[in-house]
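Basis for what follows: all heavy atoms, side chains included, without hydrogens, waters or symmetry-related copies. Remember, it's a predicted structure, so these values are computed and weren't measured experimentally.
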Amino acid sequence: MKLKLKKYKEQLQDWPQEGYHLMAQYDNDRIIVYQSYRKNIGEFAVKNQYFGGEFSLDRMTWIKPNFLWMMYRNGWGTKEGQEYVLAIHLKMSAFKKYVENAVYSSYNDRLGISREAWQAEVKASSVRLQWDPDHDPFGNKLERRAIQIGLRNEFTRSFAHEDVLLIENISDFVKEQYQFVLKDDLDNLIIPQERPLLFNDESLNKKLRLYQN
């Protein structure tokens, strides 16, 4: 695997405990996001290094840069149809384009626009953004929020092909680490190394509710 790994407990002491944080493994050129699929879709993606075959370009596809949020969502790869876990290395420029074009998936007053204006933005945009409670390895809710991004239309097509740098099958790694969770042995749990991401664009950080600690 090309993922950088680190013990969960060593990372935990450095992570923010509350608020909106885009937790991810990234550098200037790439960011890792996670998805889970049934075997046919996952195997095609790893073999061909793009999404095709039974992958639907007509449906919204959701990406998650936060490993533990993905593990909460797919039950550490145990949920039906989500057994094949992928780490997708994306171009950072593509990811930034996603969030620049993203519209919040639900309305609230913090958006600073009317519900009608928000509905018009939703209709016009092909990218959705939402913040959900982050979760610990056992699936317990945290005060910190985790981001997920939904792509459709031209963004799905771009994501499926040219935005991808590498697609890795991490299913076996997920199964191995899940054993530590089942044994309540978090001292030995290893996960991808993550840290909060802030963009060099204050207006974008503000839109995403990302703030420096």
Side-chain angles (χ1 to χ4, degrees), residues 1-3 20 22-26 29-106 118-119 121-135 145-171 173-174 192 194 197 199 204 207-208:
M1 292 194 308
K2 300 285 186 180
L3 284 174
Y20 295 81
L22 204 169
M23 303 297 295
Q25 183 168 137
Y26 64 92
D29 302 316
R30 71 178 62 203
I31 182 170
I32 316 298
V33 299
Y34 302 96
Q35 291 190 315
S36 293
Y37 290 104
R38 61 181 183 274
K39 186 177 180 182
N40 288 353
I41 293 177
E43 282 190 340
F44 182 99
V46 172
K47 179 181 178 181
N48 296 282
Q49 289 298 296
Y50 70 88
F51 289 95
E54 295 180 26
F55 177 84
S56 174
L57 293 172
D58 299 320
R59 292 177 57 189
M60 180 165 278
T61 188
W62 289 87
I63 57 174
K64 302 165 180 65
N66 179 312
F67 177 80
L68 285 179
W69 203 98
M70 184 75 254
M71 295 306 100
Y72 163 72
R73 186 69 183 81
N74 68 10
W76 288 86
T78 63
K79 291 186 179 179
E80 185 176 356
Q82 299 189 52
E83 301 90 351
Y84 212 95
V85 188
L86 301 179
I88 304 149
H89 299 236
L90 287 180
K91 295 174 184 174
M92 179 61 86
S93 57
F95 184 81
K96 187 177 180 186
K97 187 177 178 182
Y98 301 162
V99 292
E100 285 173 341
N101 286 275
V103 174
Y104 279 88
S105 57
S106 58
W118 168 77
Q119 288 173 335
E121 286 187 358
V122 167
K123 192 173 182 181
S125 173
S126 293
V127 187
R128 297 286 178 274
L129 158 69
Q130 65 186 55
W131 288 99
D132 301 283
D134 205 346
H135 292 75
R145 304 293 256 182
I147 200 170
Q148 63 171 332
I149 297 153
L151 308 171
R152 65 186 177 105
N153 300 330
E154 72 275 18
F155 285 94
T156 300
R157 292 189 288 273
S158 176
F159 163 78
H161 289 83
E162 58 263 31
D163 296 348
V164 170
L165 295 169
L166 176 69
I167 302 174
E168 293 188 280
N169 173 17
I170 62 168
S171 306
F173 167 75
V174 167
E194 294 180 354
L197 169 61
F199 294 98
L204 181 55
K207 169 188 173 178
L208 299 176

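Of all heavy-atom pairs between Gly77 and Val174, the closest is N-CG1, 4.2 Å. Between Arg157 and Glu162, the shortest heavy-atom contact is O-OE1, 4.1 Å. Between Trp69 and Pro133, the shortest heavy-atom contact is NE1-O, 3.0 Å. The nearest pair of heavy atoms linking Arg30 to Leu165 is CB-CD1, 3.7 Å. Between Asn169 and Ser171, the shortest heavy-atom contact is OD1-OG, 2.6 Å. Looking at every heavy atom in both residues, Lys207 comes nearest to Ala102 through NZ-O, 2.8 Å.
Between Glu43 and Lys39 there is a salt bridge, since a side-chain N of the basic residue sits under 4.0 Å from a carboxylate O of the acidic one.
One finds the CD atom of Gln25 at 5.5 Å from the CG atom of Leu3 (value rounded to the nearest 0.5 Å). To the nearest 0.5 Å, atoms CD (Gln82) and CZ (Arg38) are separated by 11.5 Å. Atoms CG and CD1, on Leu86 and Ile167 in that order, are 6.5 Å from each other to the nearest 0.5 Å. Distance check: Asn101 CG to Ser125 OG gives 6.0 Å after rounding to the nearest 0.5 Å. In this structure, Leu208 CG and Tyr20 OH are separated by 12.0 Å, a value rounded to the nearest 0.5 Å. Rounding to the nearest 0.5 angstrom, the gap separating the CG atom in Asp134 from the CG atom in Asn66 is 4.5 Å.
Put simply, the side chain of Phe44 does not reach to within 4.5 Å of the side chain of Tyr37, judged on heavy atoms. You'll find the side chain of Leu129 stays beyond 4.5 Å of the side chain of Val99, heavy atoms only. With a 4.5 Å cut-off on side-chain heavy atoms, Met71 and Val85 count as touching. Residues Arg128 and Trp62 form a side-chain contact, since some pair of their non-hydrogen atoms from C-beta on lies under 4.5 Å apart. Looking at heavy atoms from C-beta onward, Phe155 lies out of side-chain contact with Ile149 at the 4.5 angstrom threshold. Side-chain atoms of Tyr26 and Met92, non-hydrogen and from C-beta on, do get closer than 4.5 Å to each other. A 4.5 Å side-chain heavy-atom check between Leu204 and Lys96 finds at least one atom pair inside the cut-off. The shortest side-chain heavy-atom distance between Leu68 and Trp76 falls under the 4.5 Å cut-off.
Each of Leu57, Ile88, Thr61 was compared with Phe51 under the side-chain contact (heavy atoms from CB on, under 4.5 Å) criterion, and only Ile88 meets it.
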ask   = What's the verdict on side-chain contact (heavy atoms from CB on, under 4.5 Å) for Phe55 and Ile41, showing C-alpha distance, side-chain angles and the deciding distance?
value = CA-CA 6 Å; Phe55 177 84; Ile41 293 177; 4.2 Å; yes

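Applying the salt bridge (Lys or Arg N to Asp or Glu O under 4.0 Å) definition to pairs two or more places apart or across chains, none involves residues 76-93.
Looking only at atom types and distance, the side chain of Asn74 has no donor-acceptor partner in the side chain of Tyr34 under 3.5 Å away.
At least one donor-acceptor pair under 3.5 Å links the side chain of Thr156 to the backbone N or O of Leu151.
For CZ of Arg73, the number of neighbouring non-hydrogen atoms (other residues, nucleotides, ligands) closer than 6.0 Å is 12 at most.
Aromatic ring orientation, Tyr72 versus His135: parallel (interplanar angle below 30°, classes split at 30° and 60°). Between Phe159 and Tyr98, the ring-plane angle classifies as perpendicular under the 30° and 60° cut-offs.
Partners of Phe173 under the ring pair (Phe, Tyr, Trp, His ring centres under 6.0 Å) rule, at least two apart in sequence or in another chain, do not exist in this structure.
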